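Before we start, here is the structure in question, set down as structure tokens.
Nothing here was measured: the structure is a model prediction, and the numbers come from that model.
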Amino acid sequence: MSMYCIGDIQGCDEALGRLLDVIDFSPSRDTLYLLGDLVNRGPTSLQVLRRCIALGDAVRPLLGNHDLHLLTAAHGLRAPGKRDTLQDILQAPDRAQLLDWLRRQPLARLHITAGGERLLMVHAGVLPAWSVEQTLALAAEVEAVLRSDALVDFLAKMYGNTPAAWSDDLQGADRLRVVVNALTRMRFCTPDGRMDFESSESASDAPAGLLPWYDAPGRRTADTPIAFGHWSTQGLVARHDLIGLDTGCVWGGCLSAMRFGAALAERELIQVHCEQAQPPK
């Protein structure tokens with residue numbers, strides 16, 4: 001029995017199939033945690049979703065910003081962009097089943113090993129003021145709305161860069177927007193936790209006054225390893241406390257999986273090279 005985290009697939013089903021072959025994946029034995037952005041930009045988003053659904057509980061995804069974008073486009077709230085590749089899903093005969101499955105996926109997950117070690121998983125990042133427990137609780141607030149009759153109203157108000165910082169006093173759409181932005185969009189923040197959405201450089205090229213979210217001083221999740229995706233310009237991160245697995249599959253990089261053994265320190269990186277589906281911006 002093996003547990004894997006896999007970085008951003010972004011509609012590259014052929015690469016995902018090859019990676020599963022390389023790791024000799026068995027849905028009766030193994031568990032795959034997918035770190036968000038299952039769809040978009042790659043050529044076969046429809047096949048990715050169908051594969052994930054067919055594999056049942058062996059596949060445990062997170063929602064990324066592109067997955068939320070699909071839900072928004074499907075409800076006519078935002079037109080697909082020039083670089084989007086979502087039409088195969090939007091025109092599929094099983095569209096309703098696919099979208100219903102997607103809206104029921106979480107924004108954060110916690111894996112606990114047999115030895116009691118904890119691994120927090122998000123698509124993008126975690127605000128420094130949040131503990132593991134608060135991160136999961138806030139994610140659950142958004143998840144409850146996504147699965148409810150309030151879905152369309154929520155999606156209509158989801159986009160925007162403000163508020164840029166967390167406050168326990170936030171309510172309504174502002175509160176949910178901050179949670180979504182942190183968990184699915186954030187890369188950089190200020191030392192006091194104000195999010196920046198203008199910069200997408202590598203962490204080593206952080207703009208003045210900003211730092212990677214995971215290097216924010218006093219981050220309350222610092223004692224819990226975190227696996228994340230989203231940051232292809234950053235590439236692979238393999239610290240003892242951080243596992244970043246967006247290695248730019250859709251841009252012609254690699255699709256990456258990290259296999260964990262009985263202890264989280266027992267790790268093996270497995271990668272497959274990918275054909276470039278789109279040139280990077």
Side-chain angles (χ1 to χ4, degrees), residues 4-21 23 25-109 121 123 139-140 142-156 158-159 180 183-184 229-230 246 249-250 255 257 272 274-275 277-278:
Y4 300 86
C5 288
I6 295 180
D8 301 36
I9 300 165
Q10 290 202 241
C12 297
D13 186 65
E14 188 273 338
L16 176 59
R18 283 192 289 116
L19 181 60
L20 298 186
D21 287 342
I23 66 177
F25 170 71
S26 168
S28 64
R29 179 191 65 212
D30 303 326
T31 301
L32 300 178
Y33 288 102
L34 308 179
L35 300 177
D37 281 2
L38 280 66
V39 303
N40 207 18
R41 304 290 170 82
T44 47
S45 293
L46 175 60
Q47 289 87 335
V48 170
L49 292 186
R50 286 175 173 167
R51 183 193 293 271
C52 290
I53 291 173
L55 291 173
D57 191 52
V59 172
R60 301 176 186 181
L62 295 170
L63 291 174
N65 52 303
H66 282 282
D67 308 312
L68 291 171
H69 175 56
L70 168 58
L71 293 174
T72 306
H75 287 87
L77 298 169
R78 177 170 279 209
K82 293 180 180 179
R83 294 162 66 89
D84 288 346
T85 57
L86 300 172
Q87 287 304 314
D88 55 348
I89 299 172
L90 298 177
Q91 298 170 0
D94 53 345
R95 159 189 165 133
Q97 176 192 2
L98 299 170
L99 296 175
D100 187 65
W101 176 86
L102 192 65
R103 70 188 285 210
R104 297 182 186 282
Q105 303 311 312
L107 277 79
R109 288 185 182 268
M121 290 168 276
H123 176 60
V142 177
E143 292 155 17
V145 177
L146 286 170
R147 299 166 188 172
S148 76
D149 292 339
L151 170 67
V152 175
D153 182 63
F154 163 71
L155 293 173
M158 180 178 68
Y159 286 101
V180 169
L183 296 178
T184 72
H230 185 58
D246 182 2
C249 174
V250 73
L255 184 61
V272 295
C274 305
E275 291 188 15
Q278 292 197 28

ring-ring contact (aromatic ring centres under 6.0 Å, His included) contacts in which one or both residues fall within residues 32-66, not counting sequence neighbours: Y33-H111
Pairwise side-chain contact, L32 with I23, heavy-atom cut-off 4.5 Å (strictly under): yes
Side chain to side chain contact (heavy atoms under 4.5 Å, CB included) partners for E143, two or more places apart: P106, L107, A139, A140, R147
Contact summary for D8 and C249, nearest pair of heavy atoms: O-CB, 4.0 Å
For H230, all residues meeting ring pair (Phe, Tyr, Trp, His ring centres under 6.0 Å), sequence neighbours excluded: H123
Flag side-chain contact, heavy atom, 4.5 Å: W101 against R50: no
Nearest atoms (heavy-atom pairs only) where D88 meets S45: OD2-N, 3.7 Å
Separation of L99 CG from L49 CG (nearest 0.5 Å): 8.0 Å
Verdict with supporting geometry, V145 and D153, side chain to side chain contact (heavy atoms under 4.5 Å, CB included): CA-CA 9 Å; V145 177; D153 182 63; over 6 Å; no
Partner set under side chain to side chain contact (heavy atoms under 4.5 Å, CB included) for Q278, not counting sequence neighbours: R41, R83, T85, W251
Polar side-chain atom of D30 near backbone of Y4 as donor-acceptor pair, under 3.5 Å: no
Residues forming a salt bridge (Lys or Arg N to Asp or Glu O under 4.0 Å) with R104, sequence neighbours excluded: D100
Donor-acceptor under 3.5 Å (D37 side chain, N65 main chain): yes
Distance-minimising heavy-atom pair for D67 and L62: OD2-O, 3.7 Å
Side-chain (T44) to main-chain (G11) donor-acceptor, under 3.5 angstrom: yes
Enumerate donor-acceptor pairs with a distance under 3.5 Å from any side-chain N or O in residues 71-79 to protein atoms, sequence neighbours excluded.
{"from": "T72", "atom 1": "OG1", "to": "L68", "atom 2": "O", "distance (Å)": "2.9"}
{"from": "H75", "atom 1": "ND1", "to": "L71", "atom 2": "O", "distance (Å)": "2.9"}

Contact summary for A257 and I6, nearest pair of heavy atoms: CB-CG1, 3.7 Å
Residue pair L38 / C52: nearest heavy atoms and the distance that separates them: CD2-SG, 3.9 Å
Side-chain touch D84/L70, heavy atoms, less than 4.5 angstrom: no
R95 side chain vs I89 backbone, donor-acceptor pair below 3.5 Å: no
Approximate separation, where rounding is to 0.5 Å, of E14 CD and L19 CG: 11.0 Å
Rounded distance [0.5 Å steps], CD1 in I53 versus CG in L98: 4.5 Å
Any donor-acceptor N/O pair, R60 side chain to Q105 backbone, under 3.5 Å: no
Closest approach of C12 to V250 (non-hydrogen atoms, all atoms of both residues): SG-CA, 3.9 Å
Atom pair CG/CG of L16 and L34 - distance to nearest 0.5 Å: 7.0 Å
